[in-house]
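First up is the structure itself, then whatever we jot down about it.
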Number of protein chains: 2
Amino acid sequence: MARKQGSHAGITGPKVREAALKLFARHGYAAVSMRQIAGEVGVQAGALYLYTPDKQSLLADLMREHMEELLAAWAAADRGGTPPERLEDFARFHIRHHLDRPDNIFIAYMELRNLEPENFREIEILRNRYEGSLVEILDAGAARGDFAVPDTRLAAKAAIAMLNGVTTWYREGGRLGRAEVETIYWDMLRKSVAA
Amino acid sequence: MARKQGSHAGITGPKVREAALKLFARHGYAAVSMRQIAGEVGVQAGALYLYTPDKQSLLADLMREHMEELLAAWAAADRGGTPPERLEDFARFHIRHHLDRPDNIFIAYMELRNLEPENFREIEILRNRYEGSLVEILDAGAARGDFAVPDTRLAAKAAIAMLNGVTTWYREGGRLGRAEVETIYWDMLRKSVAA
DNA sequence: ACGTTAACTGAACAAATGTTCAGATCAAGC
DNA sequence: GCTTGATCTGAACATTTGTTCAGTTAACGT
């Protein structure tokens, strides 16, 4: 047997990335073998190399895609307005975005150490850019007296860490719904930086 | 060559755990080989099995030790008092404890997925116990009107996620000192649950 | 209908993995 | 000084790892 029926690169390519994302998030980059990914896709391990030069690129590409999508999505969602308004938008956007992509955040925040130096630097820049957009909001609000934060960079890190935490425990159909979770987190964040 | 000079189980045993902790935290459980751990200790791979039945137990033991130490340390540090006082104690204790043990928290919160089911359940219980002590404080404070938290379990998770974040960026000799960081985090936490 | 080529298989590769074990070596007690 | 037992080496093991590649198949343009 060789080429399967009804299979194209246009189908298999995304399937490979989806499978890798799912498995990396579930078990960690190092714990997942190319054969497991291939199995998930329904293909032999060798076929994966039609869609990625190697395993490391698979991880780096997934992380880059995620970060670029995140930055673009926030750029689109940012409605401007006063710093408190923008902060609320940011918090709700961040939670909503990641609850829709729980696997993404898992690898984006846990697999940095498995990136080779060159890839690491690239992803770190994207990450700092995203974090920077929150710092910017906090700076603007602090200048106007909306927020009382002794160090906006630290506050941004603390805020993102808190918001990210949601994906580690939130389960669809659980005790709390999305809207509730979103509002409760936003409320905590709002108060934590309040003047 | 065989037995090295001046080496005892009393020395090598802890060394093995230290090396494993350091390497697991740095690169992740799955990415670290027994030979790397042995190399760090200054011993051959086979010798590790004098101190652990297998690699999995090494991880599980490290996590259990960490959680038990954490629980014991908090039990000793908890001075009682009003809920706001206890919350402050908890926050400061948590940050201080983990800044002293950055590697521990890394594996305790990132390697859960690499535990076999039996070990996972055991560690999860310890983790819930620790988280429960924070929930308890929040419940008591909410009942007295000290805190305004719509869901104490969620608030506890959010708080711990925020506090844990400190170990991902804090570096000794950096822009901010320990005491400053501790106070800023406590201040954010205090406000985030304030009535 | 046919040839071309993209998509995939299946086997192979060297290297690395966790783990075992017979034997070598040293420290300590008699 | 000899024996004993704890401590470690070094080689071996079966598997699994990431990756390559010659060959096979099926879809598509002509």
Side-chain angles (χ1 to χ4, degrees), chain A residues 1-24 26-63 107 111 113-116 118-119, chain B residues 1-24 26-63 107 111 113-116 118-119:
Chain A
M1 282 163 275
R3 184 175 190 175
K4 295 265 194 75
Q5 296 183 22
S7 57
H8 307 314
I11 299 286
T12 309
K15 261 186 158 184
V16 168
R17 281 192 291 276
E18 281 165 32
L21 177 65
K22 173 181 166 183
L23 291 171
F24 287 167
R26 219 78 86 206
H27 312 291
Y29 172 75
V32 173
S33 74
M34 293 301 267
R35 271 167 255 260
Q36 285 178 57
I37 298 173
E40 181 86 15
V41 175
V43 100
Q44 292 297 317
L48 297 181
Y49 291 85
L50 294 183
Y51 307 99
T52 183
D54 47 41
K55 193 188 176 189
Q56 169 74 202
S57 303
L58 204 44
L59 176 63
D61 288 348
L62 284 172
M63 296 183 75
I107 66 159
E111 300 294 353
R113 59 185 174 182
N114 284 315
L115 288 176
E116 288 162 9
E118 196 187 353
N119 291 327
Chain B
M1 281 163 278
R3 183 175 189 176
K4 297 265 195 73
Q5 295 184 21
S7 56
H8 305 314
I11 300 285
T12 308
K15 262 184 156 184
V16 168
R17 282 191 290 277
E18 281 166 32
L21 177 65
K22 172 181 167 184
L23 291 171
F24 288 166
R26 220 77 88 205
H27 311 291
Y29 172 75
V32 173
S33 73
M34 294 300 266
R35 271 168 255 261
Q36 284 178 57
I37 298 173
E40 182 84 16
V41 176
V43 100
Q44 292 297 317
L48 297 180
Y49 292 84
L50 272 287
Y51 306 100
T52 183
D54 48 40
K55 193 188 176 190
Q56 170 73 202
S57 304
L58 203 45
L59 176 62
D61 287 347
L62 283 172
M63 295 181 77
I107 66 159
E111 301 293 353
R113 60 184 174 184
N114 284 315
L115 287 176
E116 288 163 9
E118 196 187 353
N119 291 326

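Chain letters run A, B, ... following the sequence lines, proteins first and then strands; every chain starts at 1.
- Residues meeting the salt bridge (Lys or Arg N to Asp or Glu O under 4.0 Å) test with B:Arg26, sequence neighbours left out: B:Asp103.
- Contact check, A:Thr12 against C:dC8: a side-chain N or O comes under 4.0 Å of OP1 or OP2.
- Residues passing the side chain to side chain contact (heavy atoms under 4.5 Å, CB included) test with A:Ala47 are A:Val43, sequence neighbours excluded.
- Within the structure, salt bridge (Lys or Arg N to Asp or Glu O under 4.0 Å) contacts touching residues 40-61 of chain B (residues at least two apart or in different chains) are B:Lys22-B:Glu40, B:Asp61-B:Arg64.
- Between B:Leu23 and B:Val32, the shortest heavy-atom contact is O-CG2, 3.3 Å.
- Side-chain atoms of A:Gln56 come within 3.5 Å of backbone N or O of A:Asn114 as a donor-acceptor pair.
- Atom CD of A:Gln44 is separated from atom C1' of D:dT24 by 13 Å (rounded to the nearest Å).
- Among residues two or more places apart in sequence or in another chain, the side-chain hydrogen bond (donor to acceptor under 3.5 Å, both in side chains) test is passed with A:Arg113 by B:Glu111.
- The heavy-atom pair separating A:Thr12 from A:Val41 by the smallest distance is CG2-CG1, 4.1 Å.
- From one end of the helix from C:dT4-D:dA27 to C:dC30-D:dG1 to the other, with five pairs defining each end axis, the axis direction shifts by 10° (rounded to 10°).
- Side-chain contact between B:Leu58 and B:Leu48 is absent, with no heavy-atom pair separated by less than 4.5 Å.
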| Base, backbone or nothing for each nucleotide of nucleotides 17-22 of chain C, written B, S, -, heavy atoms under 4.0 angstrom, 5' to 3'? | BBBB--

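- Comparing C:dT9, D:dT9, C:dA7 against the side chain of A:Tyr51 picks out C:dA7 as the nearest.
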